[in-house]
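Comments concern the structure below.
Numbering of residues begins at 1 and proceeds along the displayed sequence. Both counts, for ligands and for their atoms, begin at 1 and track the order of listing. What you see is a predicted model; the values in this text were computed from it and never measured.
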Amino acid sequence: MADPLTYPETSPHGHIGPPRLYDTFANVFFLGRRRATFQRLIAAAGVQPGQRVLDVGCGTGYFARLLAHAVGPEGLVVGIDPSLEMITYASHKAGRARNCQFQVGTAESLDFPTEHFDVVVSSLVMHHLPEDMQGPALREMRRVLRPGGKLLVADFQIPRHGLGWRLLAVITDHSRMARMVPHLELLAAQAEFAEIRVGEAPPWLRYVYAVKAASAM
Ligand SMILES: C[S@@+](CC[C@H](N)C(=O)[O-])C[C@H]1O[C@@H](n2cnc3c(N)ncnc32)[C@H](O)[C@@H]1O
């Protein structure tokens, strides 16, 4: 069975089909804990009011909208995604929120100035990128971060225990997806991030948190 968070495939970028369908699948897939999962990521990234945050591969903008709430009216969240359909939907969902903006773009070539953001986040995107694009994507994220800025990249984690987990892995082919997830700590280290830490955002996500060292260019 197809992975609910990538089905249906519609483009060479591997980006996904109807945004509304994606959100419906995601709500079910996270077992009613989608909001708590993403709030956990926001806390882990240490997002503060007034900050400027980039969400790479924002999809329907769900994470970006929660981030916009965290940065408040003085802050700004920008979501980018190669899918025009996703960006159109995300913009519509954000309504008149002036601190939550969306634009078409790709992780491997971020259309922003160097040292522009306080925080860069990306969820469930790295496993979509071909291997030779993952390193460049992390380096781009580092480039657009200010010195001392924070990176948080989350993706699936392999279910390790419990019959329920294993069952869900079989039903959703979650384990196949999990095998496609790159070694996030290694990628962050190769992109010369510092203070690399990992954590979990139940029920399905694992994240790497890292800092762009203040002395780094
Ligand atoms: C599984 S969705 C995750 C969406 C959202 N981040 C979330 O957590 O719900 C993967 C997203 O990655 C996007 N994507 C695919 N290739 C990309 C690339 N090269 N750069 C940035 N995003 C990409 C897809 O368009 C899709 O919206």
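The proximity of D81 to ligand 1, defined as any non-hydrogen pair under 4.0 Å, is limited to the side chain. Residue contacts with ligand 1, taken as heavy atom pairs separated by less than 4.0 Å, do not involve D55 at all.
By the 4.5 Å heavy-atom criterion applied to side chains, V208 and I196 are counted as neighbours.
For ligand 1 and H128, the ligand atoms under 4.0 Å from any heavy atom of the residue are 1 (C), 10 (C). Every atom of ligand 1 with a heavy atom of F38 under 4.0 Å away is listed here by number and element: 8 (O).
Polar contact with ligand 1: present for E108 (N/O pair, distance under 3.5 Å). Polar contact check, Y22 against ligand 1: a nitrogen or oxygen pair lies under 3.5 Å apart. By the 3.5 Å distance cut-off applied to N or O atoms, H127 is not counted among the residues near ligand 1. The distance criterion of under 3.5 Å between nitrogen or oxygen atoms is met by S123 with respect to ligand 1. For ligand 1, the polar-atom distance check against M86 finds no nitrogen or oxygen pair separated by under 3.5 Å. Annotation: V125 places no N or O atom under 3.5 Å from an N or O atom of ligand 1; distance criterion only.
The closest non-hydrogen atom to atom 6 (N) of ligand 1, taken over A26, G59, G57, comes from G57.
No more than 12 heavy-atom neighbours from other residues, nucleotides or ligands sit within 6.0 angstrom of NE2 on H69. Within a 6.0 Å sphere centred on CG of D111, heavy atoms belonging to other residues, nucleotides or ligands number 12 at most.
Ligand 1 has P82 within reach: a non-hydrogen atom of the residue lies less than 4.0 Å from it.
Aromatic ring orientation, H127 versus F156: tilted (interplanar angle from 30° to 60°).
Checking V120, V211, T114, L54 one by one against L145, the side chain to side chain contact (heavy atoms under 4.5 Å, CB included) holds for a single residue, V120.
Using a cutoff of 4.0 Å between basic side-chain nitrogens and carboxylate oxygens, K150 and D118 are not scored as salt-bridged.
Distance alone, capped at 3.5 Å, places no donor-acceptor pair between the N99 side chain and the G75 backbone. Between the side chain of R142 and the main chain of A188, no donor-acceptor pair closer than 3.5 Å is present.
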